[in-house]
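These numbers come from a predicted model, not from an experiment. In what follows, every chain begins at residue 1, and chains take the letters A, B, ... in the order their sequences are listed.
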Amino acid sequence: MTRNTVIGDKRVLAADFLPNRMVHRGQERQEIADALRPVLEGERPRNVLVHGPPGTGKTTMARYVVDRLEEHIDLQYGFCNCWRNSSRFKIYYRLLNEMGSRMIHRTGTPTDKLVDDFESKVRNRPSVVVLDEVDQLEDEKVLYDMTRYNRTGLIMIANQENVFYDLDERIRSSLSSRKNVRFSAYTHEEIVDILRDRRQWGLRDGAVEDELLHRIADTVSGDARVAINALRIAAEKAEKEGLEQIPEEFIDDALPEAEELTETESLDKLNSDQQALYEILRQEETLRPRELYDRYRSKVEKPKVDRTLRNYLSEMEKYGLVESRGQGTGTEYVLTD
DNA sequence: AGTCCACTGGAACTTGAGGAAT
DNA sequence: ATTCCTCAAGTTCCAGTGGACT
């Protein structure tokens with residue numbers, strides 16, 4: 001193992017690294033912490049909806065606030081991404097595992113059993129649940145459930161503020177007392193500060209000039225995730241070539257790469273069949289359904305039946321990855337851009 | 001207008017995993 | 001060990017919709 005030239009601590013350069021202080025977002029942090037504070041006194045906390053565009057620190061902040069709370073109190077904490085786990089069963093399954101449940105629950109366990117276990121788990125101990133990408137939730141009854149647990153703080157994370165508009169009246173009213181916290185895109189200076197912070201803890205001294213951080217901030221339009229990814233990609237390349245400083249053109253090369261990386265990270269959320277469909281559409285621009293199914297069948301080893309593909313595609317449509325145009329015989333599938 | 005065809009999506013059904021009861 | 005049960009995921013079946021073509 002040779003001595004690193006550029007990178008000090010690689011973990012710090014990951015976009016989802018949880019820093020021990022959050023630069024900026026002081027106001028937002030305060031609002032979330034205030035809403036959850038009653039948990040410390042064993043009282044009912046206020047639900048929180050954190051909303052804003054991608055890469056604005058919503059998820060990181062939620063984890064950060066919970067981390068700080070855990071310093072004061074013995075807390076049960078469950079995090080669940082509702083994109084990956086969209087059904088009621090999967091969410092409870094996930095949360096129970098996150099909270100270190102000793103009981104093993106598998107696909108055969110009735111959902112009600114999971115709900116019961118969860119309920120008894122959070123009844124007497126303060127808990128916080130974070131539901132990320134809550135707009136992807138399939139069964140909104142979960143939200144109703146969560147508001148019933150008196151000592152459980154609920155942080156919901158979404159891109160849009162209006163996620164609850166078309167919900168059932170009962171569920172909406174149970175969420176009506178929530179606190180909305182808006183995260184807007186970072187300003188140029190804020191992005192630079194965030195990058196400086198990562199530089200300080202993640203890179204060696206003198207590894208990258210301020211000027212280059214500004215260059216990154218210029219292109220990422222307020223998305224810290226893309227910015228950090230770009231810095232990491234450039235740093236890794238410099239490291240590989242044994243340089244002591246990141247050259248300007250490495251940054252320029254890394255920027256489009258970082259944009260793409262952030263995009264494909266969302267493709268990880270698709271199953272392999274959906275990825276195959278996505279891949280086909282990417283090569284073909286637009287396709288009629290019949291044609292799409294045919295190509296899919298010749299591409300994968302164990303093809304699923306057409307009806308299942310339709311389910312997959314409508315799911316992908318919900319995520320905003322594909323789009324179907326026209327009706328009847330004129331239907332075409334195309335990737336959204 | 002009538003026929004054909006591609007496509008959609010609801011609903012019933014099958015399969016497979018795995019816990020619980022015996 | 002065996003049988004029974006529940007659930008999610010996938011499949012089968014099919015009626016309905018609406019272009020396209022005569």
Think [X] has a side-chain N or O under 4.0 angstrom from the OP1 or OP2 of [N]?
X         : N       : value
Lys90(A)  : dA9(C)  : yes
Tyr312(A) : dG9(B)  : no
Ser324(A) : dT8(B)  : no
Thr308(A) : dT11(C) : yes

Quiz item: Does the cation-pi check pass for Arg68(A) over Tyr64(A), that is, NZ or CZ under 6.0 Å from the six-membered ring centre and within 45° of its axis?
Solution: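 Yes.
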message = Whether Arg25(A) engages the ring of Tyr186(A) as a cation-pi pair (distance to the six-membered ring centre under 6.0 angstrom, angle to the ring normal within 45°) should be assessed.
response =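 Judged by the rule (NZ or CZ under 6.0 Å from the ring centre, within 45° of its axis), Arg25(A) counts as positioned above Tyr186(A).
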Mind calculating the distance between [atom1] ([X]) and [atom2] ([N]) to the nearest angstrom?
X         : N       : atom1 : atom2 : result
Asn311(A) : dA8(C)  : CG    : P     : 15 Å
Arg325(A) : dG19(C) : CZ    : P     : 17 Å
Tyr293(A) : dA6(B)  : OH    : C1'   : 10 Å
Arg307(A) : dC13(C) : CZ    : C1'   : 11 Å
Lys304(A) : dA9(C)  : NZ    : P     : 12 Å
Tyr93(A)  : dA9(C)  : OH    : C1'   : 15 Å
Asp294(A) : dC7(B)  : CG    : C1'   : 14 Å
Lys302(A) : dT11(C) : NZ    : P     : 11 Å

Item to complete: Identify which nucleotide among dT11(C), dC7(C), dC7(B) has an atom closest to any side-chain atom of Val305(A), counting heavy atoms from C-beta outward.
Response: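 Comparing dT11(C), dC7(C), dC7(B) against the side chain of Val305(A), the answer is dT11(C).
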Where the side chain of Arg288(A) is defined as all heavy atoms beyond and including C-beta, which of dA6(B), dT11(C), dA20(B) is the nearest nucleotide?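 Of the candidates, dA6(B) comes closest.
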Greater than 12 external heavy atoms within 6.0 Å of Arg148(A)'s CZ: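 Yes.
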Classify Thr111(A) by what it touches in the nucleic acid, base, sugar-phosphate, or nothing, heavy-atom distance under 4.0 Å.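 If one applies the 4.0 Å heavy-atom cut-off, Thr111(A) turns out to touch the sugar-phosphate alone, with no base involved.
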Practice prompt. Indicate, with a heavy-atom threshold strictly under 4.0 Å, whether Arg290(A) touches base, sugar-phosphate, or nothing.
Written response: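 Answer is sugar-phosphate: Arg290(A) comes under 4.0 Å of backbone atoms only.
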Describe, in one word, how the ring planes of Phe118(A) and Tyr92(A) are oriented to each other, choosing from parallel (under 30°), tilted (30 to 60°) and perpendicular (over 60°).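 Rings of Phe118(A) and Tyr92(A): perpendicular, over 60°.
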inquiry  = Regarding dG10(B), can its base be found pairing with the side chain of Arg310(A) as donor and acceptor, where the two atoms are less than 3.5 Å apart?
reply    =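 No, the side chain and the base share no sub-3.5 Å donor-acceptor pair.
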Worksheet item: Would a 4.5 Å heavy-atom cut-off, applied to side chains only, mark Asp132(A) and Lys58(A) as touching?
Response: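 Asp132(A) does not reach Lys58(A) side chain to side chain.
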